[in-house]
Amino acid sequence: GEQGGGVGGQPMLGMVGGGGMLTVADEMKLHPPPALVSEWVRLPRRTPDGPFKLYAGGFDPLHTEWQVRQLLQAVGPLQSFAVMPDEVGKSTGHAFFEYVDPR
C-alpha cells in the first residue's frame, strides 16, 4: 500500500460513488474554504463532548492551526475546532472538531 494509506501520499477521506477513493486534495477542489483566513467563521476553541465530536491526528506538529482547519473545512463547515497543544502551547498534531452537519 501507499505510505499513510493514501494515493501519492495524499490522505484519504473514504469511498465515493462507484467505489473510488476521494483524496483530501480532491475534496478541497470541490469545496474550497474561503481563501482568506479573515473570512473564516469564528469557532469555539473547545469542542464539547458529544456524539458528533470527531478526532483527527497524525498531523505534522509543524502544521499551523490554520492549515489543519483548512484541511478539515474542505469536507464541510465546522461547528467547533480545537488543536491540542503541548505543555508550552505548540501543536501536537491532534485536533478535536465537529461539523455543522453531522452526516
Side-chain angles (χ1 to χ4, degrees):
E2 299 277 339
Q3 181 180 355
V7 174
Q10 285 288 319
M12 303 305 295
L13 292 175
M15 304 296 282
V16 293
M21 295 299 287
L22 184 64
T23 67
V24 171
D26 293 335
E27 182 62 26
M28 288 182 79
K29 288 176 190 168
L30 293 171
H31 304 287
L36 301 174
V37 171
S38 62
E39 294 176 357
W40 289 3
V41 175
R42 285 190 174 272
L43 295 175
R45 297 182 67 80
R46 182 178 180 283
T47 300
D49 289 337
F52 303 115
K53 181 177 184 176
L54 300 171
Y55 165 82
F59 294 104
D60 187 315
L62 296 176
H63 283 99
T64 68
E65 178 177 341
W66 300 110
Q67 289 171 319
V68 174
R69 181 175 167 181
Q70 182 179 26
L71 184 68
L72 297 173
Q73 285 181 151
V75 177
L78 295 171
Q79 178 74 29
S80 62
F81 169 76
V83 171
M84 303 310 299
D86 64 12
E87 59 278 353
V88 295
K90 293 187 177 185
S91 174
T92 59
H94 307 279
F96 288 96
F97 60 100
E98 187 175 3
Y99 287 107
V100 171
D101 183 350
R103 291 177 281 153

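Keep in mind that the numbers below use all heavy atoms, side chains included, and drop hydrogens, waters and symmetry copies. This one's a predicted model, so the numbers in the text were calculated from it and none came from an experiment. Numbering starts at 1 and runs along the sequence shown.
Taken together through direct or relayed side-chain contacts under 4.5 Å among Ile, Leu, Val, Met, Phe, Trp and Tyr, F52 and L72 form parts of separate hydrophobic clusters. In the hydrophobic cluster analysis, where Ile, Leu, Val, Met, Phe, Trp and Tyr join through side-chain heavy atoms closer than 4.5 angstrom, V83 is grouped together with L54. By the rule that hydrophobic residues join a cluster once side-chain heavy atoms approach within less than 4.5 Å of another member, F59 and V75 end up as members of one cluster.
Taking all atoms of both residues into account, the shortest heavy-atom contact from P61 to S91 is CB-O, 3.4 Å.
Taking CZ of F81 as the reference point, atom OG1 of T47 lies at 8.5 Å (rounded to 0.5 Å). Atoms CG and CZ, on D49 and F96 in that order, are 8.5 Å from each other to the nearest 0.5 Å.
In summary, the aromatic rings of Y55 and H94 are positioned with their centroids under 6.0 Å apart.
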message: Working note: K53 + F97, criterion side-chain contact (heavy atoms from CB on, under 4.5 Å); need CA distance, chi angles, decisive distance, verdict.
response: CA-CA 6 Å; K53 181 177 184 176; F97 60 100; over 6 Å; no
